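All remarks here apply to the structure that follows.
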Amino acid sequence: MDTANLESKLWAVAKKYRAKMESIEFRNYILGFIFFKHLSVKLEHYCDELLKQDNLKFRELDKNTKNYKDVIKALEIESKENLGYFFKPDQLFSIIANKGIQTTDNFILDILNQALKNIEQSTLGTEAEDDFGDLFEDLDLTNSKLGKSESDKNTLVSNIMSKLDEISISSVSDDLLGDAYEYLIKQFADEQKKNAGEFYTPREVSKLMAKIVTVNKKKLKSVYDPTCGSGSLLLRIAEEVDSIGCYYGQESIRTTFNLARMNMLLHNIHYLNFDLKQDDTLKNPLHISEKFEAIVANPPFSHEWDPSESMLQDERFSDYGKLAPKNLADYAFIQHMLYQLEDNGIMVAVMPHGVLFRKNAEKTIRDYIIENQNYLDAVIGLPKNIFYGTPGKTCLLIFKKQREHPDNIMFIDASSEFIKQKKKNKIGEEQINKIFDTYIKRISINKYSRKVSLSEIKDNNNVLSVNKYVENLEIETVRNVPDILTELNQTQKELTKIDNSFNEFLEKLTTK
């Protein structure tokens, strides 16, 4: 099965049943069920390999199996150490799904709920606990939106699981299943629209950012996203390198945090190789002792935060002399990320256009970054309406602490090159490659890109607006009023001449 086929099949199931509740709520159920199916398939395959020498099958184990308790215990130990979790054969996704479509004795809500709890509880006291704890809390099987009665809820859940069970993923690679999972996340983002930016960054932007932070690198010790959403940005980096030591991320919204953990595990990232935390990154940074080789982020635009005076003593902000405004946390996120960036690292952040020119405290911070730190390496202006949550202009800011070109900043105006679509504009593969090549080679292209000296930027009061340095629009020639009147008069004469010719033509037609 190819990616497109799997994506269409999974989305067909989602579309069939999503009208039952709000899109964002149904997303949690359908993605949670797909993830449970993935865990079931993975566990069954792993246990079948362990049982092969005994000529046994995991799903066929029951209390009549010889030494059943000992066999289950041995499988549990091995599975928890290597997969991070375990549950018994009668709680496999396909077995529960088959029970749900029986004509009698088909109530599965209690069995399903217990299976999900067992997955979480199997990790208690282990290194996987943080990655599986309360992972299925958004799959509330008592939710009245699933149905008015227990029978209605059971029918809906049974139907969804049965349809998903018909889609075989046993031979599907983790990459293919991961792509399909992210495809569904995108589809729900399209429906969610305004708030979708909380959990999803458009794939093409993620790809561009991943390419930038992995330049000339095949291995990364660590990658970090302080506002990781569904984890898609972190996972995209893996497509550009051979290996990543550990994925780090923090997310404030609990439901989105659960989605990110599922996304990691579904992409076959071992539980020991990612460390995601749930809390407000600015208020309570939970990886603050770490430094990272690559940092990517798409923070919530112009987010509100609490810049109390005590924050000026925080090492992340103390050098700048000012705190980002209460209703504009954009620079607070930048400061936080710069603090955690390795000396040899690279950081790319999506930002609203206002960070390039806004005044007051933001200007003070911007001045310090440009003049004192000299960490800003490039500014890339992006097209309108490519991000969820804002139809306006956005930009990518690229930072390095050890810059190869410390005397200039690269400006790229990619705002007019995009593929227009009904819901969201899109950056195509050609545009991604053009932006990337222009940045890496620092090419100056008429009306597209330019290397700008720090002295010129300082002369412009450290305003970073792309159109101040890259002329992308034709400038109309200033003309005086007499010239305009002369042209209008000439145009009127030509129109009169055309009218006379047309009238003559009509007269000839009518006289025939």
Side-chain angles (χ1 to χ4, degrees), residues 201 205-206 208-217 220-228 233-234 237 240 248-249 281-282 285 287-288 290-299 301 315-317 319-320 324 329-358 362-382 394-412 414 435-436 438-440 442 449 451-454 457-458 462-466 469:
T201 300
V205 180
S206 298
L208 175 59
M209 295 171 74
K211 284 170 70 71
I212 291 171
V213 296
T214 58
V215 172
N216 299 324
K217 293 183 179 181
L220 287 171
K221 181 178 66 175
S222 60
V223 296
Y224 173 58
D225 184 344
T227 57
C228 67
L233 258 175
L234 289 172
I237 297 175
E240 303 294 331
Y248 294 85
T281 299
L282 297 178
H287 297 107
I288 198 63
E290 304 284 345
K291 300 292 182 182
F292 304 105
E293 192 174 358
I295 299 179
V296 289
N298 178 12
F301 296 154
E315 289 186 357
R316 295 173 295 168
F317 312 115
D319 290 344
Y320 299 81
D330 307 303
Y331 269 105
F333 283 113
I334 291 174
Q335 291 167 298
H336 167 83
M337 289 184 280
L338 287 175
Y339 180 79
Q340 298 208 251
L341 183 64
E342 285 268 23
D343 286 343
N344 67 339
I346 184 168
M347 163 186 149
V348 185
V350 180
M351 286 287 147
H353 225 245
V355 302
L356 303 178
F357 56 81
R358 290 193 299 241
E362 291 181 291
K363 182 186 182 308
T364 301
I365 298 169
R366 189 168 62 245
D367 289 346
Y368 190 87
I369 292 172
I370 296 170
E371 297 183 14
N372 296 72
Q373 294 174 328
N374 194 14
Y375 290 163
L376 182 61
D377 196 52
V379 179
I380 302 173
L382 297 174
T394 54
C395 61
L396 291 183
L397 299 184
I398 304 173
F399 297 88
K400 292 181 179 180
K401 290 186 175 179
Q402 297 176 347
R403 300 211 294 133
E404 296 89 347
H405 306 276
D407 60 339
N408 65 72
I409 295 174
M410 191 70 198
F411 284 81
I412 300 173
I435 294 170
F436 178 72
T438 302
Y439 166 66
I440 295 306
R442 298 183 94 79
S449 62
K451 290 180 291 187
V452 181
S453 68
L454 293 183
I457 292 169
K458 188 173 182 179
N462 291 331
V463 169
L464 299 172
S465 299
V466 179
Y469 305 102

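Since the structure is predicted, the reported quantities are computational estimates derived from the model, not experimental observations. Basis for what follows: all heavy atoms, side chains included, without hydrogens, waters or symmetry-related copies.
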Under 3.5 Å: donor-acceptor pair, side chain of [X], backbone of [Y]:
| X | Y | answer |
| --- | --- | --- |
| Glu362 | Val355 | no |
| Lys401 | Ile346 | no |
| Arg403 | Asn374 | yes |
| Arg366 | Tyr331 | no |
| Arg316 | Leu282 | yes |

Side chains of [X] and [Y]: closer than 4.5 Å at any heavy-atom pair?
| X | Y | answer |
| --- | --- | --- |
| Ile409 | Val452 | no |
| Leu382 | Leu396 | yes |
| Leu464 | Ile370 | yes |
| Leu454 | Asp407 | no |
| Pro285 | His336 | yes |

Those residues that, when tested against [X], pass side chain to side chain contact (heavy atoms under 4.5 Å, CB included) (two or more places apart):
| X | value |
| --- | --- |
| Asp319 | Tyr368 |
| Thr364 | Lys322 |
| Ala297 | Asp225, Pro226, Thr227, Pro299, Met337 |

Considering all heavy atoms of both residues, which atom of [X] and which atom of [Y] are nearest to each other, and what is their separation?
| X | Y | result |
| --- | --- | --- |
| Leu234 | Cys228 | CD1-CB, 4.3 Å |
| Asp330 | Arg358 | OD2-NH2, 2.7 Å |
| Cys395 | Gly381 | CB-CA, 4.4 Å |
| Tyr320 | Leu338 | OH-CD1, 3.8 Å |
| Ser449 | Ile412 | CB-CG1, 4.0 Å |
| Ala294 | Leu220 | CB-CD1, 4.2 Å |

Nearest 0.5 Å, please: how far is [atom2] in [Y] from [atom1] in [X]?
| X | Y | atom1 | atom2 | value |
| --- | --- | --- | --- | --- |
| Leu233 | Asn298 | CG | CG | 6.5 Å |
| Thr201 | Met209 | OG1 | CE | 6.5 Å |
| Glu371 | Leu376 | CD | CG | 12.5 Å |
| Lys291 | Glu342 | NZ | CD | 8.0 Å |
| Phe399 | Asp377 | CZ | CG | 10.0 Å |
| Glu315 | Gln335 | CD | CD | 13.5 Å |

### Query
Taking the six-membered ring of Phe292, is the NZ or CZ of Lys221 close enough (under 6.0 Å from the centre) and on axis enough (within 45°)?
no

### Task
Indicate the ring-plane relationship of His287 and Tyr224, choosing parallel, tilted or perpendicular according to the 30° and 60° boundaries.
perpendicular

### Query
Residues in ring-ring contact (aromatic ring centres under 6.0 Å, His included) with Phe317, at least two apart?
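With sequence neighbours excluded, Phe317 shows a ring-ring contact (aromatic ring centres under 6.0 Å, His included) to Trp305, given in chain and number order.
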
### Task
Applying ring-ring contact (aromatic ring centres under 6.0 Å, His included), name anything that partners Phe411, two or more places apart in sequence or on another chain.
Tyr469

### Task
Apply side chain to side chain contact (heavy atoms under 4.5 Å, CB included) to the pair Leu397 and Leu356, showing each step before the final yes or no.
CA-CA 10 Å; Leu397 299 184; Leu356 303 178; 3.8 Å; yes

### Pairing residues for Lys217 by the salt bridge (charged side-chain N to carboxylate O under 4.0 Å, His left out) criterion, not counting sequence neighbours
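Result, salt bridge (charged side-chain N to carboxylate O under 4.0 Å, His left out) vs Lys217: Glu293.
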
### Task
Under the side chain to side chain contact (heavy atoms under 4.5 Å, CB included) rule, what do Ile334 and Met351 come out as? Steps first, then yes or no, please.
CA-CA 9 Å; Ile334 291 174; Met351 286 287 147; 3.7 Å; yes

### Query
Would Val223 and Val296 satisfy side chain to side chain contact (heavy atoms under 4.5 Å, CB included), going step by step from the backbone distance to the final call?
CA-CA 8 Å; Val223 296; Val296 289; over 6 Å; no

### Task
For side chain to side chain contact (heavy atoms under 4.5 Å, CB included), just list the numbers for Tyr375 and Leu341, CA-CA rounded to whole Å, side-chain angles, deciding distance to a tenth of an Å, and then say yes or no.
CA-CA 11 Å; Tyr375 290 163; Leu341 183 64; over 6 Å; no

